[in-house]
Amino acid sequence: MKINWKKLEEKWRRKWEKAKIFEADPDPERKKCFVTFPYPYMNGPLHVGHGFTATRVDVYARFKRMQGYNTLFPWAWHWTGEPIVGAALRVKMGDQKEIRALKVIDGVPEEKLKKLVDPVYMAQYYTRESKKAVRRIGYSIDWRREFHTTSLEPTFSRFVEWQYNTLREMGYVAKGTHPVVWCPNCESPTGDHDRLEGEGVSPEEYTLIKFPFNNSYLPAATFRPETIYGVTNMFINPEATYVEAQVEDEKWIISKQAAEKLVEQLRKVKIEREFKGIELVGKFFRDPITKRKLPILPGWFVNSDSATGVVYSVPAHAPADWIAIKDLVENPGRLQEVGLDPGIVKNIKPISMISVEGFGEYPAVEIVKQLKIKDQFDPKVEEATNILYKKEFHTGVLKPICGKYAGKLVKTVKTELIEDFVKDNIADSIYDIPQEVICRCTTRCLVKILADQWFLLYSDPEWKIKTHEAADKANIYPETARSYFHDRMDWLREWACVRRTGLGTPLPWSPGWIVETLSDSTIYMAFYTINKHIKQHGIKTEQLSGKVFDYIFLEKGNVKKVAEDSGVEPAILEEMRAEFLYWYPVDLRISAKELIPNHLSFFLFQHTALFPRELWPRGISVNGMVMIEGAKMSKSKGNFVTLKNAINQHGADATRLTSILGAQGMDDPDWREKNASSTNVKLQSFHNFLNQLTKNSGRKEITSLDLWLLNAIQKRIHQVTEALETLKTRTAAEVGFFEIWNDIRWYLRRVRKPNQIVLNQVVNIWIRLLTPFIPYTCEEFWYLMGNRDFISTTDWPSYDKSKINVEAEESESLVKNLLEDTLNIIKATEITPKRICYYVSAPWKWNVYLKSLEKSTPIRVTLGNLIKELMTDPELKSMAGSVTKFVKETLDEINRMPDDRKKRRLQSVMNEKKILKEAKRFLEREFNVTINIYDEEDMQRYDPKKRASIAKPYRPAIYME
RNA sequence: GCGGGGGUGUCCGAGUUUGGUCAAAGGAGACAGGCUUAGGACCUGUUGGCAUAGGCCUGCGCGGGUUCAAGUCCCGUCCCCCGCACCA
């Protein structure tokens, strides 16, 4: 019988929604549980990655709900930011790649496509589609609290305005400047995702050493200002265009491009004259430290696009400089071209100023030789530079020539040196990008310093301390993520929290700025608690003043006054305040681990800023990022599985279970089509299996096997519950689904007729344990078993210690071991037995065995001591030979047995013969043989090969023929 | 570079905190048998090597060490993945 999942899912979803079982309202009588999932960004459909994380949230929500917690799982949509606008724009421009992705991956129908040129329509479209998927997969959501972000949901915007006004009043938001990678065409910062080229490149601050030249300066850019002590000359590209410019109140000579850059970096620049670099070649400048006069040489390798286009040369320590000089020496013709006396170049001698392990006086000269670098255009120059820079930075010590910095490690003195140089007006700085960055619009980017930018001051030391405290207090799953949090919090600095473009909420005090996407999503969980009221009571945007939020969230002000001013009934205000306090704090938030450094940290930061300690988040869980067929999920590469498609293909429960079984902890789960369809098949068999189980009409009396199964299921309850409490969702699903299945399978194999009452009990527990993972299947079966309530809201199975039965477990493991041993013998001997005899140990062996166990607890016992001890027993003494032989054979095993096992064996001594007799029919069936069971010393026994004497406690002797 | 997470059998993946039922759970795949009109269904067995009696050998990235005992603890070493900001 093939199951129609779609129909089954539909049926139960309707019933759940009709009965409103997931709508949660405050109930002071009950403990509450508030779980959240970061609202997904609506520039595309939900994918199985969202599904994985959100399913973990839902599993926990359903688990807690069944445990009796009043559980709230709300949902919302994130519209804030640039990408939706960008995507809509690309559709408008007819970008084929974008359109193809929409059609093929997202499955957007043709007629909708035209409308997607409008970002708002796009957001609405994906929100609608995604909501369908979220409902279909069966998340237990209270939709009354749903919303989306940006000014298009004005009530939420009011909330964000309140949040930022409050943060500003508290001094956590401030104005500042900041360098960004900037596209002059788009007139906006160019993030990684908006780049055609230069991913991961960010602005770097170069130090400029200002070398006096006539009445002006040549500001040469460097990451290694300490090397100024080794300067021998300057390189200028003779073919590049340079300018003489007034920069503030100094005259600088820099490349034309550099002058343009400085303008973007808030410098006052006035270009006075443009000229070719060759004009400078052959002239002399001064070293600002020693005042030496040094020459300017032609450097065709100098990139005028990079920094200032002015480069000073340190041939002793910079391979590029050394090789450039060498080139000039070897090609006097080139010097003549530019009218330079070769003698000047020949006279240049490297100046050694850093001593570094493994190198002599002139490391650059050595490394050029080692790597066999041909000339300044050899690609190996870069490699040489990297090696040497790294080495000199970490292990290099400045030589006496370096004045007050002599004897110090480069690494430790660098910052101080730069500060000194700036103070002495020897140095300045410029920002630049070390590699080319090209915007999506094909424009070349540069660094711009944004003025009037607003920042969240995550650098504030007190705020940091409080947030660390919040991270310490919260439950974090897995625990290994905690140090990651602390580390990232230390590292966070000012965060630019507003943008010029994209959808969002305008910054209340500064129109033209929009609260940036990661900054309007930090405390919005509080909004869920009151959005229900806003909708129910039709509260208008303009009624939601700062005072209203102040009252609800911070209990500031007088209700009556607030009510009067806002026009919101005092009772409603009080209700909202109460509802907020009921649900807050957030008990659990789950996201992928990529959000730890930003979103989840901001979430903690802002809660500590705005709310008292008792409302700080209680729990955070992170998980890995979903891979598709072993590779990173990527829409542009087509390696992308939408949630909707997964559900269509495999059904909701299979999609849930496949995701959950994929991974836990910080590991990345791998979504494989094959796994999902195999899970689907497994769920079908699960359904059939349950049908069979409950149709059986077996016996009524309780046997030890029934006790064993009841014991086993109790252990499983314990395991699953424990795993879920600590968000080990994979373990929980694995134990709940597969291990219990195997338990029941074993039971059915062992018993001839199952006990139907026991089986029903076990099935009843089983499907309840599985409800969080596969709610539709379980709901259906719960109904088929005759229940008329929802399994989704029924009680979670509770662990009943009284049903734990060590004896049943031990007897069963005796049978399992015996079965294994017997099989092993059959395999080794390759005989097909017709008859098998088992011989259980003689009483004296048990006597010795138990005494040995006792003596070896808790510390190991030696053979000699043990035998001495045993010989005090006259009966054993009379058979000293056998006893010694037996002890020799068993002592090793006994000594290496873990203590708790020893204790267990001492506590319940089993009757082997009785157990084997009970298992006789089973074993006969298994091996298709006749079985005889004897006492080891039974005079009547059949024992042609004299095997009986091998018997040990827990290990009957075996004979077969 | 800084920080985080890892390396286990054909594959995926537990186990490592608290050393001992660990030749190593569970799943997938493969093989064999059973059931069946049929089955991408189900059940049973096998799936590191050797072995005509329940055993032995090898084994958890690599090299050492601690211990009666190490996948698990210690030291060293190699390799892989992820994040690093104005962007969701």
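By convention in this document, chain letters (A, B, ...) are assigned in the order of the sequence lines, proteins followed by strands, and residues within each chain are numbered from 1. Heavy atoms only: backbone and side chains are in, while hydrogens, waters and symmetry mates are out.
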Original post:
Base, sugar-phosphate alone, or nothing: which one does Tyr959(A) contact when heavy atoms must sit under 4.0 Å apart?
Top reply: base
Original post:
So what does Lys682(A) hit on the nucleic acid, given a heavy-atom distance under 4.0 Å: a base, only sugar-phosphate, or nothing?
Top reply: sugar-phosphate
Original post:
When all nucleic acid strands are considered with a 4.0 Å heavy-atom cut-off, which category describes Pro956(A): base, sugar-phosphate, or nothing?
Top reply: base
Original post:
At under 4.0 Å between heavy atoms, what does Asp487(A) touch on the DNA or RNA strands: base, sugar-phosphate, or nothing?
Top reply: sugar-phosphate
**OP:** With RNA chain B as reference, determine whether Glu809(A) or Met42(A) sits nearer its 5' end, using the nearest nucleotide of each.
**Re:** Glu809(A)
Original post:
Has Lys632(A) got a side-chain N or O lying under 4.0 Å from the OP1 or OP2 atom of G83(B)?
Top reply: yes
**OP:** Using the P atoms only, state how far U47(B) lies from G27(B), rounded to an integer number of Å.
**Re:** 15 Å
Original post:
What integer number of Å spans the P atoms of C42(B) and A53(B)?
Top reply: 37 Å
Subject >> Nucleotide forming a Watson-Crick or wobble pair with G29(B), both distances under 3.5 Å >> reply: U47(B)
**OP:** Using the C1' atom as the reference point in each nucleotide, state the distance between G61(B) and U8(B) in Å, no decimals.
**Re:** 10 Å
**OP:** Could you tell me whether Phe737(A) and Phe773(A) have their ring centroids closer than 6.0 angstrom?
**Re:** no
**OP:** Determine the contact category for Leu518(A): base if any of its heavy atoms lies under 4.0 Å from a base atom, sugar-phosphate if only primed atoms, P, OP1 or OP2 are that close, otherwise nothing.
**Re:** base
**OP:** Could you check whether Asn675(A) gets within reach of a base, just the sugar-phosphate, or nothing at all, counting any heavy atom under 4.0 Å?
**Re:** nothing
**OP:** Could you check whether Arg955(A) gets within reach of a base, just the sugar-phosphate, or nothing at all, counting any heavy atom under 4.0 Å?
**Re:** base
**OP:** Look at all strands and tell whether Ala957(A) reaches a base, only sugar-phosphate, or nothing, counting heavy atoms closer than 4.0 Å.
**Re:** base
**OP:** Please work out if Thr480(A) contacts a base, only the sugar-phosphate, or nothing of the nucleic acid, heavy-atom cut-off 4.0 Å.
**Re:** sugar-phosphate
Original post:
What distance, rounded to whole Å, do you find between the two P atoms, one in U18(B) and one in U10(B)?
Top reply: 32 Å
Original post:
Looking at the side chain of Arg499(A), which of A53(B), A88(B), G27(B) is the nearest nucleotide?
Top reply: A88(B)
**OP:** Can you figure out which of G27(B), G5(B), U44(B) approaches the side chain of Ser483(A) most closely?
**Re:** G5(B)
Original post:
Within the structure shown, what part of the strands sits under 4.0 Å from Asn43(A) by heavy-atom distance: base, sugar-phosphate, or nothing?
Top reply: nothing
**OP:** Using only heavy-atom distances, determine whether the side chains of Thr53(A) and Asn623(A) contain a donor-acceptor pair under 3.5 Å.
**Re:** yes
Original post:
Just checking, is any N or O donor in the side chain of Glu912(A) or Tyr839(A) under 3.5 Å from an acceptor N or O on the other one?
Top reply: no
Subject >> Polar pair under 3.5 Å, donor/acceptor by atom type, side chain Arg905(A), base U21(B) >> reply: no
Original post:
Do Asp821(A) and G54(B) have a side chain to base donor-acceptor pair shorter than 3.5 Å?
Top reply: yes
Original post:
NA contact type, Leu595(A), heavy-atom cut-off 4.0 Å: base, sugar-phosphate, or nothing?
Top reply: nothing
Original post:
Given the C1' atoms of G3(B) and C57(B), what is the spacing between them in whole Å?
Top reply: 44 Å
**OP:** Taking only the side-chain heavy atoms of Asp668(A) (C-beta and beyond), determine which of C81(B), A85(B), G54(B) contains the nearest atom.
**Re:** C81(B)
Original post:
What nucleotide, of U44(B), G54(B), A25(B), holds the atom closest to the side chain of Leu818(A)?
Top reply: G54(B)
**OP:** Quick one: look up who G3(B) pairs with, Watson-Crick or G-U, both distances under 3.5 Å, and put none if it's unpaired.
**Re:** C82(B)
Original post:
Tell me, do Tyr164(A) and Cys497(A) make a side-chain contact under 4.5 Å, heavy atoms counted?
Top reply: yes
Subject >> Whole-angstrom distance between U72(B) and U21(B), as gauged at atom P >> reply: 14 Å
**OP:** Scan Val815(A), Val751(A), Ile931(A) and name whichever one has a side-chain contact (heavy atoms from CB on, under 4.5 Å) with Phe922(A).
**Re:** Val815(A)
Original post:
Is Ser685(A) near enough to A41(B) that one of its side-chain N or O atoms lies under 4.0 angstrom from OP1 or OP2?
Top reply: no
Original post:
So what does Met960(A) touch, heavy atoms closer than 4.0 Å: a base, only the sugar-phosphate, or nothing?
Top reply: base
Subject >> Interatomic distance at P, U36(B) relative to U46(B), whole Å >> reply: 24 Å
**OP:** Remember a base hit wins even if backbone is also touched, and classify Glu734(A) as base, sugar-phosphate or nothing at under 4.0 Å, heavy atoms.
**Re:** base
Subject >> Contact nearer the 5' end of RNA chain B, comparing Ile831(A) with Arg745(A) >> reply: Arg745(A)
**OP:** Have a look at Thr190(A) and say if it touches a base, only the backbone sugar-phosphate, or nothing, with a 4.0 Å heavy-atom cut-off.
**Re:** sugar-phosphate
Subject >> Side-chain (Thr522(A)) to main-chain (Leu518(A)) donor-acceptor, under 3.5 angstrom >> reply: no
Subject >> Distance, P atom - from A70(B) to A23(B), rounded to whole angstrom >> reply: 11 Å
**OP:** Examine Arg749(A) relative to Trp746(A) and say whether NZ or CZ is less than 6.0 Å from the centre of the six-membered ring and inside a 45° cone about the ring axis.
**Re:** no
